[in-house]
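Per chain, numbering begins at 1; letters A, B, ... match sequence-line order.
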Amino acid sequence: MMMLLLPHREEEEEGGAAGRRRFPINDNADLLAEVLGRLDGRSLAVAGCVCRLWSAVGRREAVWEAVCHRHVAVGRAGAAGGTRSVVAALGGYRRLYRLCIGPALDRLAGVRRQGPAVSSAARHVSLSLALSLFSIDCYERLGGVGGRQQQPPASLLFLCKPVDVS
Amino acid sequence: MAKMIKLVSGDGAEFEVEEEVAFQSKIIKDIVADADDVIPLPTVSSKVLIQVIEYCRKHAAVNSFPLSPSSSAAAAASSSSSISYSKPVSDPALRAWDNEFVKLNNSSLFDIVIAANYLDIEELVDLVLETVADRIKGKQAQEIRRQFNIENDFTPEEEEALRRENSWAFQNN
């Protein structure tokens, strides 16, 4: 049994100018990373504009990895080492989100607004397709077969544009 | 008669709690296994410890009759990134209680998450971090600075460069 008087509720103490502390999370970059890793992609990009610390932490690969994984379920087979090295070869999680996952999610949101809800299976397929096309695009930009340095082929990412199949 | 554990806060106040409540903290569970029933917590103030105990008491009551598979199994399946988060609370009544619990100002939330992190109470850490993240989502940078009392330490040129780099994020959906 607790015998102490309960403290005042914090909201009542907030009042005066003297009470405003610097944001304590800025004292702990790892905890800040944990918070930022729980944001959606857009909010994270905006958060990177708040101050230098948030910009630096918001660029950590681990943070964008968490954001990507929230949207794209990675099966046990793809855990840790395997997926990370592939994504690193593609330019990192932050780039992956900006160029592939983010736009794919926007397209799905656009579809949702126009019609019935997209099933989670369809969503999964859509994201998988976007990721596959992105990977192929990266590979093609590596410089061509047999060392020929030609103009890069047109991107396959045009296949991501919405197609009316009604 | 439930076994009692004594927790001593940084400012010397003593709190006796039931073992199952204290064991919401993995750290305490490990310490008690090694013998001691009196656990000093010099880095945790009374005010914060009271709140943490309140959370643990509520969750111990629910965890003793789990409705879903243990959260440790779910956590193992999901921990492929270095940022881990536990399975969301499935019981809607408990979720509602949690949402009330975190209606605190930002500095209180931080005190709690730091204590919960130290005590290794995974669900409480996750709850607070999600709450803070929700307070950031959808806001403009200036609003975030105002709410969390953060100083803008960019030069105007740096800020402009960042906005351009992240312009895709500032477009409306």
Asks: Is it possible for you to say whether Leu99(A) and Val63(A) belong to one hydrophobic cluster, with membership spreading through side-chain heavy-atom contacts below 4.5 Å?
Replies: yes
Asks: Which bit of Leu162(B) comes within less than 4.5 Å of chain A, counting heavy atoms only: side chain, backbone, both or neither?
Replies: both
Asks: Show the nearest heavy-atom pair for residues Gly138(B) and Ser43(A), with the distance to one decimal.
Replies: N-OG, 3.1 Å
Asks: Arg94(A) versus chain B, heavy atoms under 4.5 Å apart: side chain, backbone, both or neither?
Replies: side chain
Asks: Under the side chain to side chain contact (heavy atoms under 4.5 Å, CB included) test against Lys137(B), which residue among Leu44(A), Val46(A), Asp40(A) passes?
Replies: Asp40(A)
Asks: Tell me whether Val38(B) is reachable from Met4(B) by hopping between hydrophobic residues (I, L, V, M, F, W, Y) whose side-chain heavy atoms are closer than 4.5 Å.
Replies: no
Asks: So which atom in Ala141(B) and which in Cys49(A) form the shortest heavy-atom distance, rounded to 0.1 Å?
Replies: CB-O, 4.0 Å
Asks: So which heavy atom on Val113(B) is nearest to which on Leu31(A), and how close?
Replies: CG1-CD2, 3.7 Å
Asks: Would you give the length of the straight line joining atom OG of Ser55(A) to atom CG of Asn166(B), rounded to the nearest 0.5 angstrom?
Replies: 8.0 Å
Asks: Would you say CZ of Arg163(B) has more than 12 non-hydrogen atoms from neighbouring residues, nucleotides or ligands within 6.0 angstrom?
Replies: no
Asks: When you compare the side chain of Trp54(A) with that of Ile150(B), does any pair of heavy atoms fall below 4.5 Å?
Replies: yes
Asks: Report yes if some heavy atom in the side chain of Ile136(B) is under 4.5 Å from a heavy atom in the side chain of Arg38(A); otherwise report no.
Replies: no
Asks: Please say yes or no: joined through hydrophobic side-chain contacts below 4.5 Å, possibly via intermediate residues, are Leu104(B) and Val128(B) part of one cluster?
Replies: yes
Asks: Where does Gln142(B) contact chain A at under 4.5 Å (heavy atoms): side chain, backbone, both or neither?
Replies: neither
Asks: Do Val52(B) and Ile27(B) land in one hydrophobic cluster if side-chain heavy atoms of ILVMFWY residues count as linked below 4.5 Å?
Replies: yes
Asks: To the nearest 0.5 Å, how far apart are CG in Asn117(B) and CG in Asp30(A)?
Replies: 9.5 Å
Asks: Under a single-linkage definition using a 4.5 Å side-chain heavy-atom cutoff for Ile, Leu, Val, Met, Phe, Trp and Tyr, are Ile39(B) and Val8(B) assigned to the same hydrophobic cluster?
Replies: no
